[in-house]
Amino acid sequence: MTSFVETKAPNSPASASANNSLITLLQTSIKNELAVLLTKTQAKAPSSFSSSHHPHQISLVVDDHQELNRLLIARKNNIVQATKMGLEMISLRSNIDIMNMPTSEFATPLDGQTLRWSGYDKEGSPIFICRAKTYAPWTFKKHEYRNYTFFILSLIVASMTAKSDKFVVIFNLAGFRARMGGLAATQCSKAMIDVVQKCFPERCKTAFLVEHPKVFSFLWKMVAPMINERTRSKVAFLDGDAAEWQAELKKVIDPAMLELDMGGTKAEFYPIHEFPLPLEIERIKNSLF
């Protein structure tokens with residue numbers, strides 16, 4: 001049975017990559033900026049600060065040296081830029097409040113089950129798979145896909161073990177159609193990218209794209225500039241026929257973890273997600289997956 005920790009890996013390689021003094025500087029900088037924001041809002045609307053900067057979300061960033069370290073890595077040790085990113089992270093996490101959000105807030109994409117937790121790679125990084133054939137962004141209501149992405153990534157992070165604090169994502173683009181490259185799809189892609197880059201920096205290890213048709217290249221040209229260079233460098237297009245790209249996946253993922261349509265030996269699909277986040281986290285921790 002896999003041993004779980006609460007949303008972070010204590011022995012993460014990232015924990016030693018930033019100087020402790022920089023982490024302290026960043027921690028102080030974010031606290032100072034929060035104090036300034038609080039002073040500005042107290043006179044006008046005191047409750048607005050706590051709703052957009054929830055104390056629990058502040059603590060999850062400011063008191064977590066690994067999270068601060070990831071901010072520094074993402075912003076190349078620039079304290080000013082890392083501070084800005086930390087404040088954005090706190091605000092977005094507070095506004096979404098995914099742990100208390102009912103699934104009705106992202107019901108349409110959840111019903112489609114486009115994104116799904118799908119085991120671990122050989123290094124212990126959790127995997128989630130995105131299947132284009134069930135992707136229908138033109139049916140989503142405003143903010144549904146943003147909330148859905150936040151839900152899935154929060155579940156992925158909660159399933160991380162002491163082996164790795166990064167995830168692997170596989171985009172299976174079989175069934176991708178021209179309509180999936182329209183305005184609604186572009187907006188959903190931007191929402192996903194924003195959530196990943198603002199709230200889960202330095203969490204993505206690799207993003208594999210398989211069975212990508214020529215028509216996808218048009219969407220990629222629109223989406224790629226929205227992705228920062230460091231994250232974009234982690235995107236791997238696996239070309240060739242099914243045997244070729246499946247062989248590449250098997251180099252990093254045990255076939256027993258991969259479902260049949262991904263070239264693995266797992267005969268049944270991983271169970272669908274249908275409950276609020278706290279219950280879904282418990283399902284994984286209790287090894288129901």
Side-chain angles (χ1 to χ4, degrees), residues 57 61 67 70-76 78 81-82 84-98 101 105-106 108-110 112-118 125-132 134-157 165-173 176 179-210 212 215-238:
Q57 296 300 336
V61 175
E67 194 71 271
R70 282 188 284 270
L71 290 170
L72 286 167
I73 294 171
R75 291 297 176 261
K76 300 179 180 179
N78 185 307
Q81 292 183 10
K84 180 181 178 182
M85 189 177 192
L87 293 172
E88 287 181 339
M89 177 187 289
I90 291 169
S91 179
L92 189 54
R93 286 181 177 180
S94 297
N95 286 323
I96 294 177
D97 192 18
I98 197 65
M101 181 178 286
E105 294 294 321
F106 47 93
T108 313
L110 185 66
Q113 294 292 320
T114 302
L115 308 177
R116 192 177 299 183
W117 186 94
S118 302
S125 298
I127 304 164
F128 78 93
I129 296 178
C130 174
R131 289 180 171 85
T134 61
Y135 184 52
W138 51 89
T139 67
F140 303 159
K141 299 174 184 176
K142 188 177 181 180
H143 296 319
E144 273 196 314
Y145 201 69
R146 180 202 67 176
N147 296 341
Y148 179 52
T149 300
F150 208 103
F151 168 81
I152 292 294
L153 288 175
S154 298
L155 181 60
I156 294 296
V157 171
D165 68 345
K166 297 182 182 294
F167 63 77
V168 172
V169 55
I170 304 172
F171 292 93
N172 188 327
L173 299 170
F176 185 91
R179 190 179 185 186
M180 294 177 179
L183 178 60
T186 303
Q187 291 173 337
C188 285
S189 297
K190 184 180 184 304
M192 172 181 272
I193 292 167
D194 280 348
V195 167
V196 173
Q197 294 186 159
K198 291 180 180 179
C199 290
F200 300 91
E202 295 303 311
R203 287 293 197 179
C204 179
K205 181 164 71 174
T206 311
F208 295 108
L209 280 73
V210 303
H212 43 90
V215 69
F216 176 75
S217 63
F218 295 104
L219 178 61
W220 178 248
K221 287 179 181 178
M222 290 187 288
V223 169
M226 303 178 193
I227 307 172
N228 66 53
E229 183 179 354
R230 183 175 175 84
T231 303
R232 201 162 59 240
S233 69
K234 300 173 183 179
V235 177
F237 285 81
L238 301 187

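Excluded from the calculations below are hydrogen atoms, water molecules and symmetry mates; all remaining heavy atoms, backbone and side chain alike, are included. In this chain, residues are counted from 1 in sequence order.
- Judged by distance alone, with hydrogens and angles left aside, the side-chain atoms of Arg131 form no donor-acceptor pair with the main-chain N or O of Asn172 at under 3.5 Å.
- A donor-acceptor contact shorter than 3.5 Å is absent between the side chain of Arg146 and the backbone of Met192.
- With a 4.5 Å cut-off on side-chain heavy atoms, Ser189 and Tyr145 do not count as touching.
- Put simply, CE on Met101 and OH on Tyr148 are 14.5 Å apart, with the number rounded to the nearest 0.5 Å.
- Looking at Arg75 and Glu88, no side-chain N of the basic residue comes within less than 4.0 Å of a carboxylate O on the acidic one, giving no salt bridge.
- Listed for the Gln197 side chain is a donor-acceptor partner under 3.5 Å among the backbone atoms of Asn228.
- Under the 4.5 Å side-chain criterion, counting only non-hydrogen atoms from C-beta, Leu110 is in contact with Phe151.
- Formation of a donor-acceptor pair under 3.5 Å by the Ser94 side chain with backbone atoms of Ile90 is found in this model.
- Residues Met180 and Phe216 are not in side-chain contact: their nearest non-hydrogen atoms beyond the backbone lie 4.5 Å or more apart.
- A donor-acceptor pair is defined here as one N or O able to donate and one able to accept, closer than 3.5 Å; such a pair exists between the side chain of Glu144 and the backbone of Thr108.
- A salt bridge is defined here as a Lys NZ or Arg NE, NH1 or NH2 lying under 4.0 Å from an Asp or Glu carboxylate O, and Glu67 with Arg70 meets this definition.
- Side-chain atoms of Tyr135 never come within 3.5 Å of backbone atoms of Phe176 as a donor-acceptor pair (strictly under, hydrogens ignored).
- Side chain of Lys234 to main chain of Cys204: a donor-acceptor pair is present (N/O by atom type, distance under 3.5 Å, no hydrogens or angles).
- Within the model, atoms CD1 of Ile129 and OG1 of Thr114 stand 12.5 Å from one another, a figure rounded to the nearest 0.5 Å.
- Panel note: side chain Lys198, backbone Met85; no donor-acceptor pair is recorded below 3.5 Å.
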Please step through side chain to side chain contact (heavy atoms under 4.5 Å, CB included) for the pair Glu202 and Lys166, ending with a clear verdict. CA-CA 7 Å; Glu202 295 303 311; Lys166 297 182 182 294; 4.0 Å; yes
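- For the atom pair Thr149 OG1 and Ile193 CD1, the distance stands at 10.0 Å (nearest 0.5 Å).
- Counting only heavy atoms from C-beta outward, the side chains of Phe167 and Trp117 never approach each other to under 4.5 Å.
- Residues Met226 and Thr186 have side chains in contact (heavy-atom distance under 4.5 Å, counting atoms from C-beta outward).
- A heavy-atom distance below 4.5 Å is not found between the side chains of Leu209 and Leu238.
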Might you work through the side chain to side chain contact (heavy atoms under 4.5 Å, CB included) test for Arg203 and Leu153, ending with a clear yes or no? CA-CA 9 Å; Arg203 287 293 197 179; Leu153 288 175; over 6 Å; no
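- Using modelled atom types, one side-chain atom of Ser154 and one backbone atom of Phe150 make a donor-acceptor pair closer than 3.5 Å.
- The structure places CE of Met89 at 14.0 Å from NZ of Lys84, a figure rounded to the nearest 0.5 Å.
- Going from atom CG of Leu219 over to atom CE of Met222 covers 5.0 Å, rounded to the nearest 0.5 Å.
- For the residue pair Ser125/Lys205, the side-chain donor-acceptor check at 3.5 Å is satisfied.
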Between Val61 and Arg93, is the side chain to side chain contact (heavy atoms under 4.5 Å, CB included) condition met? List the steps. CA-CA 10 Å; Val61 175; Arg93 286 181 177 180; 3.8 Å; yes
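- With contacts defined as side-chain heavy-atom distances shorter than 4.5 Å, the pair Pro201/Leu71 qualifies.
- Just one residue in the list Phe171, Trp220, Phe208 forms a side-chain contact (heavy atoms from CB on, under 4.5 Å) with Val235, and that residue is Trp220.
- Considering only heavy atoms from C-beta on, Val169 stays 4.5 Å or farther from Ile127 through its side chain.
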For Ile96 and Asn147, run side chain to side chain contact (heavy atoms under 4.5 Å, CB included): C-alpha distance rounded to whole Å, both residues' side-chain angles, the deciding distance at 0.1 Å, then the answer. CA-CA 7 Å; Ile96 294 177; Asn147 296 341; 4.2 Å; yes
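- Within the 3.5 Å criterion, the main-chain N or O of Arg116 finds a donor-acceptor partner in the side chain of Ser118.
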